[in-house]
Amino acid sequence: MSVTRALQQPCSGGPVVPTTPLVTFLERVQETALDTFGENNYDPKLYIDFSLKFNNLSATIDAFDKLPRSENGSVPVPDLQEFIEKWFGGAGDDLVFAEPADFVPEPEGFLPKVVNPEVRAWALEVHSLWKNLCGKVSGSVIDRPDMHTLLPLPEPVVIPGSRFREVYYWDSYWVIRGLLASKMHETAKSIVTNLISLVETYGYVLNGARAYYTNRSQPPLLSAMVHAIYNRTGDMELVKKALPALLKEYQVWNSGIHKVSIEDGEANNHILSRYYAMWNKPRPESSTIDKAHASKLTSDSEKEQLYRELASSAESGWDFSTRWMRNISDFTTLSTTSILPVDLNVFVLRMELDIAFLAKVVGDNATSERFLVASTARKQAFNSIFWNEEKGQWLDYWINNGTTCEESHTWQVWNQNHNVYASNYAPLWIDLFNSDTSLVEKVRQSLQSSGLVCAAGIATSTINSGEQWDFPNGWAPLQHMIVEGLVRSGSQEARSMAHDIAVRWIRTNYAAYKETGAMHEKYDVEKCGASGGGGEYKPQTGFGWSNGVVLAFLEEFGWPQDLKIDCP
């Protein structure tokens, strides 16, 4: 049994990026709203997305402080409603919806392999949803950013939809894949330009384009976005503009708090990455919810650590999942910063390969060579740290037991997390792995018998915890990465499995759309046509990445005349 030694940052503490005075004030409004209106239909994010009507935060605070209050902090309902109406712009009012310039109702060469007229008509409806999700930040956000929590961005934006009324980082990759299928190349490029501007301002791409998201990132897929657009358009200028930002972002994920150095049983040293938010307070957009979780803990330091773990789980995109919990039945045991996640390291490996490719495109062979070397080293780490031969999966790795904060730990192979998550198959997405035929076959068989492949797609885990990144929810990005990896492998069995999963996923999206008139954020993969649930907010519709993945799947596989689209 191999022994691994982990060298890492202290297991608690770490940097904190301060928030803005407006966000701090809006958290007070959010708490008062909960006390006043009660939990029914309460969404804490709504209040943190308000903007100021008047260019005077202190006058707004004074008016708020003068509201009549009962002992429990609540304000008479009419008084609070009147105050909100008088002093704030509504959530989402600072985003101006605008039809994208490159949208046409039926683009030339759109989904040529979709022959079935019913499926084609639906695909055009999904394509037309881009109009509902596109906009630009208002002039006021540009002129007076301190009056808004929405951040100024230079180009038009595409949002996920519903309560997510701002740009999100990892969502944008699958949005772009859909836009490319929709032949909307300029809109796709504008997304990348906006994300580059965030790197230039903050040093990394934020979780989302809000003032309260500056303390964390999200799965780093900017390089994959640039690569996908370049593959379609050959746009050399975009590559030149993006490379400095990609190098800057790469540095963030491979230094300081995100970097972990591990020695394996053969005394080889490996560098891997982890999620680690720069925050130790309740997340402003979910402040009242986070405080309720922390109320179960006694000491301030335990609460601060939980708040950091909550924000770090949000940085992972998987907020929330048993994947991050030491005890899967106790939410307060979230320990995301103590985990080396398989999928994060897939994204960083992808970044290394993309930068190597893009640097070569612009003639920077030295940078290209350096990143090829880095990718080879990370591939070795996958084999030594994540791979589990017996299970035929790559498993997340626990780097400390949360009880000590020493600089180094000696660990054994059982520190791999043996629970089954869709992320255990994420390395298939990378050509370095999917080009190995015997490996693909082993992993394909493992996936087939994992319990993840269900009637309507791939489940996120096999654990039904009530969290949204667990069973029975299926999410578009996870379907896409696994399916695309299987397709690219060149193995006939793998391609056949990919096609089968894609058909199930397309059908469930179609059935739910026909029933509800909307695309959903997530789906219940146990039943064709059922949308997903669980988690800390109501299920959302719109929906950026779901639209993108359906269009990408239809582009890849098409839909023949004689294949039924209805649920079997």
Side-chain angles (χ1 to χ4, degrees), residues 40-46 49 90-93 95 97-100 103 119 121-135 157-179 181-182 184 187 191 208-210 285-286 317-320 456-457 459-460 467-469 472-480 504-554 565 567:
N40 200 19
N41 289 329
Y42 168 78
D43 182 357
K45 186 176 181 294
L46 175 76
D49 290 352
D93 287 0
L95 189 69
F97 282 88
E99 187 167 315
F103 176 84
V119 179
W122 172 58
L124 284 166
E125 284 186 48
V126 174
H127 161 72
S128 76
L129 293 175
W130 296 129
K131 292 189 295 184
N132 308 348
L133 302 174
C134 285
V157 304
V158 183
I159 61 168
S162 297
R163 79 195 285 267
F164 300 113
R165 33 182 109 77
E166 54 281 313
V167 166
Y168 281 81
Y169 184 4
W170 79 313
D171 296 60
S172 295
Y173 173 75
W174 288 280
V175 166
I176 284 173
R177 291 296 299 263
L179 289 169
S182 286
M184 292 171 63
T187 301
I191 292 176
R210 287 274 178 189
E285 75 281 9
S286 303
W318 285 49
D319 41 337
F320 294 96
T460 310
E467 297 302 333
Q468 61 170 355
W469 288 84
N473 284 347
W475 293 81
L478 304 180
Q479 317 298 315
H480 184 260
R504 294 176 194 207
W505 187 253
I506 292 165
R507 277 186 175 139
T508 203
N509 279 254
Y510 175 83
Y513 184 88
K514 285 296 166 192
E515 191 178 327
T516 64
M519 294 290 287
H520 296 260
E521 177 195 24
K522 53 189 178 273
Y523 294 86
D524 175 344
V525 294
E526 282 196 291
K527 182 169 174 277
C528 182
S531 57
E536 66 178 27
Y537 57 81
K538 288 185 173 169
Q540 304 294 298
T541 58
F543 196 90
W545 63 18
S546 300
N547 308 358
V549 168
V550 157
L551 293 172
F553 278 172
L554 289 171
I565 182 65
C567 292

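For W170 and W545, the distance between ring centers is under 6.0 angstrom.
The closest side-chain heavy-atom distance from Y513 to V550 is not below 4.5 Å. A heavy-atom distance below 4.5 Å is not found between the side chains of F543 and H520. Counting heavy atoms from C-beta on, the side chains of R165 and L46 come closer than 4.5 Å. Side chains of H127 and F103 form a contact here, defined as non-hydrogen atoms less than 4.5 Å apart. Looking only at side-chain heavy atoms (C-beta outward), I506 and I565 come within less than 4.5 Å of each other. At least one side-chain heavy atom of L551 sits under 4.5 Å from a side-chain heavy atom of V126.
Taking both residues in full, the closest heavy atoms of G542 and L133 are given as O-CD1, 4.0 Å, listed atom of the first, atom of the second, then distance. The two atoms that bring N509 and Y523 nearest to each other are OD1-OH, 3.1 Å, heavy atoms only. C567 approaches A511 most closely through the heavy-atom pair SG-CB, 3.4 Å. Closest heavy-atom contact between G474 and V525: CA-CG1, 3.6 Å. Considering all non-hydrogen atoms of both residues, T508 and G529 come closest at OG1-N, 2.6 Å. Here the closest heavy-atom approach between residue P160 and residue Y168 is recorded as CG-CD1, 3.6 Å.
Listed for the S128 side chain is a donor-acceptor partner under 3.5 Å among the backbone atoms of E125. Side chain of N473 to main chain of G533: a donor-acceptor pair is present (N/O by atom type, distance under 3.5 Å, no hydrogens or angles). Of the possible donor and acceptor atoms, one in the side chain of S162 sits under 3.5 Å from a partner among the backbone N and O of T541. W475 places a side-chain N or O within 3.5 Å of a backbone atom of Q468 that can act as its donor or acceptor partner.
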| field | Intermediate values then yes/no, side chain to side chain contact (heavy atoms under 4.5 Å, CB included), V158 and I191 | value | CA-CA 7 Å; V158 183; I191 292 176; 3.8 Å; yes
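Within the model, atoms CH2 of W122 and NZ of K514 stand 9.0 Å from one another, a figure rounded to the nearest 0.5 Å. In this structure, CD in E515 is found 8.5 Å from OG in S531, a value given to the nearest 0.5 Å. Atom CG in D43 sits 9.0 Å away from atom CD in E536 (nearest 0.5 Å). Rounded to the nearest 0.5 Å, atoms CZ (F553) and CZ (R504) are 12.5 Å apart.
Below 30°, between 30° and 60°, or above 60°: for Y537 and F164 the angle between ring planes is above 60°, a perpendicular geometry.
A salt bridge links E166 and K45; the closest N-O separation between the charged side-chain nitrogens and carboxylate oxygens is under 4.0 Å.
Between the side chains of T187 and W130, no donor-acceptor pair of N or O atoms lies under 3.5 Å.
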